[in-house]
Each structure stands twice: as C-alpha cells, then as structure tokens.
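Quick notes on the structure that follows.
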Amino acid sequence: MLSAENNQEELLKNFIETQGEDIILSGSVIITIGTIIAALALTEVFITRSPQGAEGIVIGSGIESIGNVIQALGSQQLYAVEPSDAQAKIIKGDWLQAIGNAGTAIAVQEGIILYRYTFTDQGSRRDRAQMGEIPTEETPGQSVAQEQGVDEALKLTIAFDALSSAIQGTGAFISAQGISQLPPSPIQRDEGLASTLVGIGAFIEAYGAILALEEEELKGVLSQVIGAWIQVGASLIELNALTAKKSIQTIEKNAHSYGQYMNYVTN
C-alpha cells in the first residue's frame, strides 16, 4: 500500500516537472520570436535613420515580456515540486526580465506618440498656420515652450528605456547565477551562457539609450542594434538547449516505460 502511494506521488511529481519544463520551453519559443522582431525593427531604425519600424520594437519587447512571464510560471512549478535557492533565483530573474521588457515596450510606444505629435500633429498645424490655411493663437514663445516640453518628455522616455533595459539585464544575470547552481551538464552550461548573453545584450542596449540622451543618437541606436542581436543569439542558444533537454527526457521516459514493460512480461 505504501509502495503504491509512493509510486503515485512520484508519478505526480514527474508530471508536474514535465509540465513545468514544457511551459519553460514554450516561453523560450515566444522569447525567441520577440527578440528577432525587436532586433529587425531596431536594425530598420538604424538603416533608415528614422523611427520607421519602431512599432516593431514595441511588439517584439511585448512578446519577450510575455515569454518571460510564461517561463517564470514554469519555473514556479518546478520550485513547487523541489524548492531550491537556485530555482528561486531563476524565478526572480524571469520576473525582472518580464518587467524590463514590458518597460521597454511602454517607453518606445510613448516615444512614438511624442514623435508623431512633434513632427506630424503639431508640425503640420504649425506649417499650415504659417501658410495662412488655419488661424493660430500661439505666440512664438508658446511654440518654443511646447517644443521644449516635448523634448523633455522624449528624454524621459529614453531614460525609462535605459532603466528598463538595465532591469532586464539584471534579471538575466540573476537567472544565470541560479542556473549555475543547478547540477552541471552541457545543457545547463548552455542555459547559463544564454542568460549571461541576454544580460550583456540588455546592458549594451541600456548604454545605447544613455548615448541617445547625450545626443549621440546614431551611436546609441547602433549599440542597441548590437545588443538586440546578441539577445537573438542568446535566445537561440537557450531554445536549442531546452529542446535538447526535452528530447533527452522523452528518450529516458520511453526507456523507463520499456523497462517496466519488460519486467512485467518476464515476471
């Protein structure tokens, strides 16, 4: 009776672990898609020297954030089965990365709105007023004050973007630290490498945003492009490692089932 209960507990534990690993793998797929979209969008911004394609950064970062949340939930399932300091750090890192990516999406979206106001809505109205097409009650001083206000707001969004990237990078390094405490294996090393590269890429992006604040926009965007593509490489490394882990687990499960069947037949 006790043996049957232990077997049921073991089966339940294995089921929850498998489910958690599957959730983490799903999150990795989503993160990979998000990083590619964001990197392509940043590359377009750099090549065109304009905010064209910036919406892709919002979409990509948002998708990454969703993937981070999914991975955090998967890691929490693993922690529920077997609590450990390593798994707790991974969970904390996942949530920080989710917050950082969401912050980037919000910052870039706000920047797009401000840019359109400056160069589309406000700019169009000012040009039409100068041509006498519409009346304007604005004085030159009011116009300058409005433009300065928009510039300050743009700087705040860039600073928020830098902070968000730094939060994401910090979360990635915390996850890498947690992964380093797991039992060593080639897959574990690849996962740790991937998280470390994500952290490096995120901090390079944060540095790029700081350069933009110092009015070195071209260097800043180039730095962000480099950081974004580093994260693409990192996400592909992680996806490959998690896929390999899933394949190994499937093989081991099938071998275990076959062994149980042979024991039943021979006995």
Side-chain angles (χ1 to χ4, degrees), residues 24 27-46 53-54 56-72 75 89-111 156-180 190-214 216-217 219-242:
I24 292 170
S28 180
V29 173
I30 293 171
I31 290 170
T32 300
I33 294 170
T35 56
I36 292 172
I37 293 172
L40 288 172
L42 272 166
T43 303
E44 184 178 359
V45 170
F46 177 73
I57 303 172
V58 177
I59 295 169
S61 297
I63 291 173
E64 286 183 66
S65 182
I66 292 170
N68 293 138
V69 170
I70 290 172
Q71 286 199 323
S75 296
K89 288 180 180 177
I90 293 171
I91 294 168
K92 181 179 179 181
D94 287 341
W95 282 114
L96 284 174
Q97 288 179 78
I99 292 168
N101 278 313
T104 295
I106 292 169
V108 176
Q109 180 60 42
E110 185 64 24
L156 282 175
T157 62
I158 294 170
F160 186 63
D161 181 25
L163 176 62
S164 298
S165 293
I167 291 172
Q168 181 200 357
T170 301
F173 285 137
I174 291 173
S175 289
Q177 186 181 22
I179 292 169
S180 69
D190 284 349
E191 288 184 76
L193 172 63
S195 288
T196 301
L197 287 175
V198 169
I200 292 171
F203 273 104
I204 290 175
E205 286 199 56
Y207 174 68
I210 292 170
L211 287 177
L213 278 175
E214 296 175 352
E216 294 187 59
E217 288 87 356
K219 289 182 180 178
V221 176
L222 177 59
S223 296
Q224 290 187 311
V225 169
I226 293 170
W229 282 108
I230 288 174
Q231 291 183 66
V232 169
S235 65
L236 289 171
I237 291 171
E238 181 189 58
L239 180 58
N240 180 68
L242 292 174

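Distance check: D190 CG to L197 CG gives 10.5 Å after rounding to the nearest 0.5 Å. Distance CG/L42 to CG/L222: 10.5 Å, rounded to 0.5 Å. From I174, atom CD1 reaches atom CD of Q97 across 9.0 Å, with rounding to the nearest 0.5 Å. Interatomic distance, CG of L96 versus CD1 of I91, reported as 12.0 Å (0.5 Å rounding). With values rounded to the nearest 0.5 angstrom, I31 atom CD1 is found 12.0 Å from I36 atom CD1. Considering CD1 of I167 and CG of L163, their distance stands at 4.0 Å, rounded to 0.5 Å.
Minimum heavy-atom separation, A39 to V232: CB-CG2, 3.7 Å. Closest heavy-atom contact between F203 and A166: CZ-O, 3.6 Å. For the residue pair I237 and A194, the shortest heavy atom distance occurs at CG2-CB, 4.1 Å. Here the closest non-hydrogen pair linking G62 and A105 is N-CB, 4.0 Å. The two residues A202 and Q168 make their nearest non-hydrogen contact at CB-OE1, 3.7 Å.
For residues 198-212, the pairs satisfying side-chain hydrogen bond (donor to acceptor under 3.5 Å, both in side chains) are E205-Q231, with sequence neighbours left out.
The side-chain hydrogen bond (donor to acceptor under 3.5 Å, both in side chains) check on S195 picks up nothing, with sequence neighbours excluded. Not counting sequence neighbours, S165 has no partner by the side-chain hydrogen bond (donor to acceptor under 3.5 Å, both in side chains) test. Shown here are the salt bridge (Lys or Arg N to Asp or Glu O under 4.0 Å) partners of K89, two or more places apart in sequence or in another chain: D85. Not counting sequence neighbours, F46 has no partner by the ring pair (Phe, Tyr, Trp, His ring centres under 6.0 Å) test. The side-chain contact (heavy atoms from CB on, under 4.5 Å) search around A209 returns I158, D161, A162, Q224, not counting sequence neighbours. Among residues two or more places apart in sequence or in another chain, the side-chain contact (heavy atoms from CB on, under 4.5 Å) test is passed with S65 by A98, N101, A102. Scanning for ring pair (Phe, Tyr, Trp, His ring centres under 6.0 Å) contacts around F160 gives an empty result, with sequence neighbours left out. S75 pairs by the side-chain hydrogen bond (donor to acceptor under 3.5 Å, both in side chains) definition with D94, not counting sequence neighbours. Listed by chain and residue number, K219 satisfy the salt bridge (Lys or Arg N to Asp or Glu O under 4.0 Å) test with E216 (two or more places apart in sequence, or in another chain). Considering only residues two or more places apart in sequence or on other chains, T43 meets the side-chain hydrogen bond (donor to acceptor under 3.5 Å, both in side chains) condition with W229. For E191, the salt bridge (Lys or Arg N to Asp or Glu O under 4.0 Å) criterion is met by K245, not counting sequence neighbours.
Side-chain contact check for F173 versus T196: some heavy-atom pair is nearer than 4.5 Å. With contacts defined as side-chain heavy-atom distances shorter than 4.5 Å, the pair I30/Q71 does not qualify. Side-chain atoms of L211 and S223, non-hydrogen and from C-beta on, do get closer than 4.5 Å to each other. A 4.5 Å side-chain heavy-atom check between E238 and I179 finds every atom pair outside the cut-off.
Although no hydrogens or angles enter the test, the distance criterion places no donor-acceptor pair under 3.5 Å between the side chain of S28 and the main chain of I24.
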